[in-house]
Amino acid sequence: MQPARQIEVAGQQVSVEAGATCADALKLGLSGKQFKNAVLARCNDTLLDLAAPIPADCAELSAVSADTPEGLVVIRHSTAHLMAEAVKKLFPAAKVTIGPAVENGFYYDFDFERPFTPEDLEAIEAEMVRSVGADKPFACEVMTSAEARERFAAQGETYKVELIDDLAVPTVSVYTQGAFSDLCRGPHVPRTGLLKAFKLTSVAGAYWRGDEKNPQLQRIYGTAWASPKELKQYLDRLEEAKKRDHRKLGVALDLFSFHEDVGGGMVLWHPNGALVRAILEDFERKEHLKRGYQFVQGPLILKRELWEKSGHYDNYRENMYFTEIDEQAYGIKPMNCLSHMLIYKSRLKSYRDLPQRYFELGVVHRHEKSGVLHGLLRVRSFTQDDAHILCRPDQLREEIIGVIRFVRDVMDIFCFDFEAEISTRPEKSIGADEDWERATDALKDALEHMGMPYGINAGDGAFYGPKIDIKIKDALERRWQCATVQCDFTLPERFDLSYVGEDGARHRPVMLHRVILGSIERFMGVLIEHFSGAFPVWLAPTQARILTVTDAQNGHAEKVLRFLQEQGIRAEADLRNEKLGYKVREAQLDRIPYMLIVGDKEVEADGVNVRVRGGADVGFVPLVEAARIVREAAQEPFKRGGMSYSFS
RNA sequence: GCCCACGUAGCUCAGUCGGUAGAGCACUUCCUUGGUAAGGAAGAGGUCAUCGGUUCAAUUCCGAUCGUGGGCUCCA
């Protein structure tokens, strides 16, 4: 028998026997309640099962409870196992594959002869609840890969056998609860009784190992939390997010619609939505001019040979629409770069002319697969705030920094948080390795210079070059790409672009493709959700609505309306034969920033009574003051960055 | 493109186990002139997504197509 060891738990030294488990040590150092809430043990940065022996080099052990980020991941992962157990019990023919924890929950993929129905999900969930009631322990066994392989092969779990073979390691761990065993790295909660708050949410098809050439499995998604209260909060949050859904608000605020007869992924912009777009685009045009961009514009369709020359025909054809005119094949543009290249080429450039920054609000058409269309966020016809910057190699870094700064300034206006990612060379691509490397380094360098953190998305670049992607989130916290900066060393080559250098010789410029908002359609979608449809004053299609108390004030209301319109304010008057309360309610539902109420008192004093969208009552103000308030509010976001903008 | 679910009035949704449909809101007209989130009455409005099949009879059952939603794959 070896002597007892001293371990620090929650600030005190406890003495444990050799061979003691983490649970043994934690039990000695923690209160009963603290111990009961523990789902894992942590030693240094290693997470351990409570039932695991204390590592030999461990001097301090702490408990991880279910409501910590690490605890939640384990709860979710263990719930995935719990679900797999239930599925195997109800449907023994189903084969298990993988089942990880994901954001807010988990999934598990199964290979089964028929699709799971919503009724199956209910039965599976009920079986899971029974298993929780039985409070089964999760037991970990370490065995040789050969043993594990034999065991899963005997059970007919061919996917697990494949996983073991691919791992190619001497030993693996297998977790068992009740009659269900799964190949798993762990760790897990000690008992099923700790899994008290989960709900199965949906079934979906998913390809084995994410490859569409592989068999399609059935993925069951669920959400899991540390307590029923948190589960409820999450489900309530989903409900709230649904209210902000841009597709719902698009109808409610009469911004846009889709029409079956037009085709999937094609947006019809209604007057309100088209106005917001127009303001955004106007803002962008002015901002681009300030930053040294020039406006250009090309046609919607270009000869097919041009797309062959650019490489799009080889690399992007499946996403393009084609048409034929006078026996000549044309491609409808999925990108704007070709016209811009030809504009550059139309006249000899000197090194003094660079950089050339060509900006176009270009409408592009892309044949996206039918299953990916999603409201405004993924469409087949959209407008890009696109620019192509042609510069000398020595200007590349500064140009990228300029773009990143532009993105940051614009996102600040909307108070968007964003994430940056660098995507590197994909398999299907063109160009020399050293060009790719040089371009990737330039992108990294620019982000680092701006002090912006970034992730790496290996192999996700465009076929012509690496890129920086900027992502913002929708109401459900799904990330959508907006801004992107893409380096391109190949198009200038293919189109033989050049400039005359100081030395009198011809040199090759480098090109940046970049967008700031990305697609106006997508950005509008995210923007609607971001503001819950309550656009800031500068963007609101109607900035002020005049509400009369009775029709006795119609004359004054019309005078107020004319005055505001002359001041450049987007105003309208509600003169309907309705009660004030009714008009206020409608204006609130329409998210109108300013309600200007006009009754006899206001007519008398020649002004309006101002109610703001948030519900606050500003009280009586003279007409001139009312206009000033609205104009001031429209300027507010631009003051933050020392910018200015007005739509007129 | 693939898997699952869905498609009834402008919107949100009932309903028909096969016998051509209903509510609330919105809309039109009338009454009401009412001070900060819904005053009242009447009226109008639907080839039950489209096309085919089964049936005496299909909005309902079956199939295809189009579209929508949740995922997978792919992308702004």
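First the proteins, then the strands, lettered A, B, ... as listed; each starts at 1. Values in this document were obtained by computation on a predicted structure and should not be read as measured data.
- Of the C1' atoms belonging to B:G40 and B:A49, the separation is 37 Å, rounded to the nearest Å.
- Contact annotation for A:Val379: base contact, defined as any heavy-atom pair under 4.0 Å involving a base atom.
- Taking atom C1' in both B:A41 and B:C13, the straight-line distance is 25 Å, to the nearest Å.
- B:A76 is unpaired under the Watson-Crick or G-U wobble criterion, no partner having all donor-acceptor distances under 3.5 Å.
- Nearest nucleotide to the A:Gln588 side chain, out of B:A37, B:G35, B:G1: B:A37.
- Taking atom C1' on both B:C4 and B:C51, the two are 24 Å apart, rounded to the nearest angstrom.
- Applying the 4.0 Å criterion to OP1 and OP2 of B:A76, one finds that A:Lys467 has a side-chain N or O inside that range.
- Comparing B:U59 with B:A21, their C1' atoms are spaced 9 Å from each other, to the whole Å.
- Comparing A:Val598 and A:Leu377 by the nucleotide of RNA chain B whose heavy atom lies nearest to each, the residue mapping closer to the 5' end is A:Val598.
- Judged by Watson-Crick or G-U wobble contacts below 3.5 Å, the nucleotide B:A23 has B:U12 as its partner.
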Restricting to nitrogen or oxygen on both sides, can you table the protein-nucleotides 60-70 of chain B pairs closer than 3.5 Å?
residue	atom	partner	partner atom	Å
B:C66	O2	A:Glu260	OE2	3.1
B:G67	OP1	A:Gly264	N	3.4
B:G69	OP1	A:Arg247	NH1	3.1
B:G69	OP1	A:Gly375	N	3.4
B:G69	O3'	A:Arg247	NH1	3.4
B:G70	OP1	A:Arg247	NH1	3.4
B:G70	OP1	A:Arg247	NH2	3.0
B:G70	OP2	A:Arg247	NH1	3.4
B:G70	OP2	A:His374	ND1	3.1
B:G70	N2	A:Val203	O	3.4

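- Residues satisfying the salt bridge (charged side-chain N to carboxylate O under 4.0 Å, His left out) criterion with A:Arg285, sequence neighbours excluded, are absent altogether.
- Out of B:C74, B:G35, B:A76, the shortest distance to the side chain of A:Asn609 is found at B:G35.
- In summary, the side chains of A:Glu529 and A:Ser532 do not present any donor paired with an acceptor at a separation below 3.5 Å, with no hydrogens or angles considered.
- Remark: A:Asp606 pairs with A:Lys559 by the salt bridge (charged side-chain N to carboxylate O under 4.0 Å, His left out) rule, at least two apart or across chains.
- Under a 3.5 Å cut-off, the side chain of A:Arg317 and the backbone N or O of A:Tyr313 do form a donor-acceptor pair.
- Nucleic acid contact for A:Asp460: sugar-phosphate only, since backbone atoms but no base atoms lie under 4.0 Å from a heavy atom of the residue.
- Partner assigned to B:G18 is none, using Watson-Crick or G-U wobble distances below 3.5 angstrom.
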Residues 408-416 of chain A, side-chain donor-acceptor partners within the protein, below 3.5 Å, at least two apart:
residue	atom	partner	partner atom	Å
A:Asp409	OD2	A:Arg291	NH1	3.3
A:Asp409	OD2	A:Arg291	NH2	3.1

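- On a pure distance criterion of 3.5 Å, a polar donor-acceptor pair joins the side chain of A:Arg378 and the base of B:C74.
- Within the shown strands, nothing qualifies as a pairing partner of B:A57 under the Watson-Crick or G-U definition with both distances less than 3.5 Å.
- The residue A:Gly581 sits close only to the backbone: its heavy atoms come under 4.0 Å of sugar-phosphate atoms, none of a base.
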Within the sub-3.5 Å range, which N or O atoms of nucleotides 23-30 of chain B have a protein N or O partner, and how far apart are they?
residue	atom	partner	partner atom	Å
B:A26	OP1	A:Tyr582	OH	2.6

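- For A:Gln216, the side chain to side chain contact (heavy atoms under 4.5 Å, CB included) test picks out A:Tyr207, with sequence neighbours left out.
- In the set B:G1, B:G35, B:A76, B:A76 carries the atom at the smallest distance from any side-chain atom of A:Glu368.
- A donor-acceptor contact closer than 3.5 angstrom links the side chains of A:Thr542 and A:Glu572.
- Residue A:Glu212 places its side chain closer to B:G1 than to any other of B:G1, B:U33, B:U36.
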Output side-chain donor-acceptor pairs under 3.5 Å for residues 465-472 of chain A, partner residues at least two apart or in another chain, one line each.
residue	atom	partner	partner atom	Å
A:Asp469	OD1	A:Gln481	NE2	2.8
A:Asp469	OD1	A:Thr484	OG1	3.0
A:Lys471	NZ	A:Glu421	OE1	3.3

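- Residues of residues 515-533 of chain A that place a heavy atom closer than 4.0 Å to RNA chain B, in numerical order, are A:Ser519, A:Arg522.
- Between the side chains of A:Gln486 and A:Tyr464, at least one donor-acceptor pair of N or O atoms lies under 3.5 Å.
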Check: residues 260-276 of chain A side-chain donor-acceptor pairs under 3.5 Å, at least two apart:
residue	atom	partner	partner atom	Å
A:His270	ND1	A:Leu268	O	3.4
A:His270	NE2	A:Ser257	OG	3.4
A:Asn272	ND2	A:Leu253	O	3.0

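- Pair assignment for B:A42: B:U28, on the basis of Watson-Crick or G-U wobble contacts that are both within less than 3.5 Å.
- Comparing the C1' positions of B:A23 and B:G69 gives an interatomic distance of 25 Å, to the nearest angstrom.
- Using atom C1' as the reference point in both B:A37 and B:A76, the two lie 39 Å apart (nearest Å).
- Residues meeting the salt bridge (charged side-chain N to carboxylate O under 4.0 Å, His left out) test with A:Glu113, sequence neighbours left out: none.
- Of the side-chain N and O atoms in A:Arg219, none sit less than 4.0 angstrom from OP1 or OP2 of B:C4.
- Under a cutoff of 6.0 Å and an axis angle of 45°, A:Arg219 and A:Tyr107 form a cation-pi pair.
- When distances run from any side-chain atom of A:Gln216 to the nucleotides B:G71, B:G39, B:G1, the shortest one goes to B:G71.
- The P atoms of B:G63 and B:G39 are separated by 49 Å, rounded to the nearest whole Å.
- The residue A:Asp211 sits apart from the nucleic acid: no heavy atom pair falls under 4.0 Å.
- Residue side chain A:Glu602 reaches the base of B:G35 through a donor-acceptor N/O pair under 3.5 Å, judged by distance alone.
- Within the 4.0 angstrom heavy-atom criterion, base atoms lie near A:Lys601.
- Using N1 to N3 plus N6-O4 or O6-N4 for Watson-Crick, or N1-O2 and O6-N3 for G-U wobble, each under 3.5 Å, B:U47 pairs with nothing.
- Judged by ring centres under 5.5 Å apart and planes tilted less than 30 degrees, A:Tyr221 fails to stack against the six-membered base ring of B:G71.
- Nucleotide B:G67 forms a pair with B:C6, judged by Watson-Crick or G-U wobble geometry with both contacts under 3.5 Å.
- Sorted by first and then second residue, the ring-ring contact (aromatic ring centres under 6.0 Å, His included) pairs with a member in residues 232-255 of chain A read A:Trp225-A:Tyr234; sequence neighbours excluded.
- Remark: A:Arg209 engages A:Glu162, A:Asp166 in a salt bridge (charged side-chain N to carboxylate O under 4.0 Å, His left out) (not counting sequence neighbours).
- Each of A:Leu547, A:Val603, A:Thr550 was compared with A:Val598 under the side chain to side chain contact (heavy atoms under 4.5 Å, CB included) criterion, and only A:Val603 meets it.
- Closest-nucleotide positions on RNA chain B for A:Tyr316 and A:Gly615 were compared, and the one nearer the 5' end corresponds to A:Gly615.
- Spacing between B:C61 and B:G18 at atom C1', rounded to whole Å, works out to 8 Å.
- One can find a donor-acceptor pair under 3.5 Å joining the base of B:G1 and the side-chain atoms of A:Tyr207.
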